[in-house]
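What follows is a single structure, written as structure tokens, with notes after it.
Predicted, not measured: the structure shown is a model, and the values here were computed from it. All chains are named by letter (A, B, ...) in the order of the sequence lines, taking the proteins before the strands, and each is independently numbered beginning at 1.
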Amino acid sequence: MAKAPQNAISPTREEDYAEWYQQVVRAADMAETSPVRGCMVIKPWGYAFWENIQKNMDAMFKATGHSNAYFPLFIPKSYLEKEAEHVEGFAKECAVVTHHRLEAGPDGGLVPAGELEEPLIVRPTSETIIGALYAKWVQSYRDLPILINQWANVVRWELRTRLFLRTAEFLWQEGHTAHETEKEAWEETKLMLEVYREFVEDYLAMPVLTGSKTPNQRFPGAVETLCIEAMMQDRKALQAGTSHFLGQNFAKASGIIYQSREGKEEHAWTTSWGTSTRLIGGAIMTHGDDDGMIMPPRLAPNHVVILPIYRKDEEREASLAYAEGIAADLRKMDSPWGGKVQVLVDKRDMNAGEKGWEWVKKGMPVRVEVGPRDIEKNAVFVARRDKGPTETYGQGRDEFIQALPGVLKEMQDGLYAKALAFRQQHTRDIDDLGEFT
RNA sequence: CGGGGCGUAGCGCAGUCUGGCAGCGCGCCUGCUUUGGGAGCAGGAAGUCGGCGGUUCAAAUCCGCCCGCCCCGACCA
């Protein structure tokens, strides 16, 4: 039997944090770089995680009165020019479309042709185009508020990219609301920050600090930017979500004007708020260890993987049947957060040790091995991803099934508590900026 | 965009200084044996050595230009 290395991931967090991060993304098979510079390919395991983020966050948006819509990928250049600070903030990182077809060139290649009268910008964010539409939609105070979110991709031509944390194209949601009064818009800004805080803490198990950005770090064009910040294991902060109070800046730039109850023309008050696939990077850097990813159970693509163990063909059938039986019973169990327990039976015919490590690296919350010895005892062999690799234990089959929802809950809470303890350990108060180093 | 590093098989690399048959490990394919902590044996496939040009009998190796990637910094969801 070959000797196993100490950790699945090399280097360790201690040795080289940036490289560790890249290795985890790769070992967990969540994403990889693409032929297009700065853009990533999100692979099924990473995308399934994102889908769960979307599904659950979207439910919170709906619960707070928002609806989804979709606006165009392209923004006319002139729209971006309407808000001075906004232009300055984004102009340097925009992809620009100047032509609308390709023609055969002299040396066999294709050359752009059909120059556009007005260049189109690939949206870096959608305030300006959505503002233009809201201007049409809003006539009266009765048309307000507008509470819309969109799930989309945006492009910011970043000079230095890292998978999930900062890519040239990324997936996100952007909420855009318009209100009758300043007070309402402010309440919306704070409400959505609270939604983000709740989601990131309760679902992703990442403790965050809320606050407002300095004028320098404020969203270009915003009056105020609120944010949630989480501490990563390199003790650096990661901005995990922002909620902007835009005042009347964009309403003025886009002409979002309504007739008030008093019959006067007024500019609307707007907000925007966003979170992105960066949340995935944050979860990796918050929970991951030197064996790879640790998925927060509440958003994990699956809660449990069952690995049938066998030597001979007869054993194979028995193990598979036993595994499927457990899976069927597990799927009847309620997950602690609504819905049922999500179970995967990994039937692939490969070395059991290697198969097990694959799931360790992917961060599957619970791993269960079932083989002839377990069948005999009507038992299972359990490994929790939040425990050390040797802290595995045997358990009666039915006992395991009944206990599982509680175990998932315990893991979720444990991940949060651990991250919070880490943050507290590495936090100290300072009284003036001079102490900040 | 500033500083540093690197481009050789899918991945990780040696070979470059000192020019002379394209190599190693992992992975992949086939077969058998295996499978409860990362498999073993045997056989096999796979490379315009980042690109273009130059020097030379001969270039992965020397020279010039270009392209790309990674890390640190600044900037950002």
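- The ring-ring contact (aromatic ring centres under 6.0 Å, His included) pairs that include a residue from residues 285-329 of chain A number zero, where partners must be two or more places apart or lie in different chains.
- Salt bridge absent: Arg13(A) and Asp234(A) never bring a charged side-chain N and a carboxylate O closer than 4.0 Å.
- With rG38(B), rC71(B), rG68(B) as the choices, the nucleotide that has an atom nearest any side-chain atom of Ala18(A) turns out to be rC71(B).
- Donor-acceptor pairing under 3.5 Å, judged by distance alone, is absent between the side chain of Arg156(A) and the base of rC76(B).
- Comparing the same atom, P, in rC41(B) and in rU34(B) gives a spacing of 15 Å after rounding to whole Å.
- Between Lys55(A) and Asp58(A) no salt bridge is recorded (no basic side-chain N to carboxylate O distance below 4.0 Å).
- Backbone-only engagement by Gln22(A) is indicated by non-hydrogen atom pairs under 4.0 Å involving sugar-phosphate atoms exclusively.
- Closest approach to the Thr33(A) side chain among rG73(B), rC75(B), rC70(B) is made by rC70(B) (side chain taken as heavy atoms from C-beta onward).
- Across rC26(B) and rG43(B), the matching P atoms stand 15 Å from one another, rounded to whole Å.
- For residues 381-407 of chain A, the set of pairs meeting the ring-ring contact (aromatic ring centres under 6.0 Å, His included) definition, not counting sequence neighbours, is empty.
- For Glu410(A), the salt bridge (Lys or Arg N to Asp or Glu O under 4.0 Å) partners are Arg384(A), not counting sequence neighbours.
- Listed by residue number, the members of residues 370-398 of chain A with any heavy atom below 4.0 angstrom from RNA chain B are Gly371(A), Pro372(A), Arg373(A), Asp374(A), Phe381(A), Pro389(A), Thr390(A).
- Using a 4.0 Å heavy-atom criterion, one finds that Ser10(A) contacts no nucleic acid atom at all.
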Residues 358-367 of chain A, side-chain donor-acceptor partners within the protein, below 3.5 Å, at least two apart:
from	atom 1	to	atom 2	distance (Å)
Glu358(A)	OE1	Arg348(A)	NH1	3.0
Glu358(A)	OE1	Arg348(A)	NH2	2.6
Trp359(A)	NE1	Asp346(A)	OD2	2.8

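- Among the atoms of the strands shown, only primed sugar atoms or phosphate atoms (P, OP1, OP2) are found under 4.0 Å from some heavy atom of Asn216(A).
- In this structure, of rC76(B), rG73(B), rU34(B), it is rC76(B) that holds the atom nearest to the side chain of Glu158(A).
- Across all strands shown, rG64(B) forms a Watson-Crick or G-U wobble pair, both distances under 3.5 Å, with rC52(B).
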N/O contacts under 3.5 Å, protein versus nucleotides 10-13 of chain B?
from	atom 1	to	atom 2	distance (Å)
rC11(B)	O2'	Arg26(A)	NH2	2.5

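- No salt bridge links Glu187(A) with Lys190(A); every basic N to acidic carboxylate O contact stays at or beyond 4.0 Å.
- If you check rG31(B) for Watson-Crick or wobble pairing at under 3.5 angstrom, you find it paired to rC41(B).
- Contact annotation for Lys361(A): base contact, defined as any heavy-atom pair under 4.0 Å involving a base atom.
- As judged by a 4.0 angstrom heavy-atom cut-off over every strand, Leu307(A) is placed among residues making no nucleic acid contact.
- Side-chain N/O atoms of Asn351(A) include one lying less than 4.0 angstrom from OP1 or OP2 on rA39(B).
- Glu369(A) comes within 4.0 angstrom of a nucleotide base, judged by non-hydrogen atoms across all strands.
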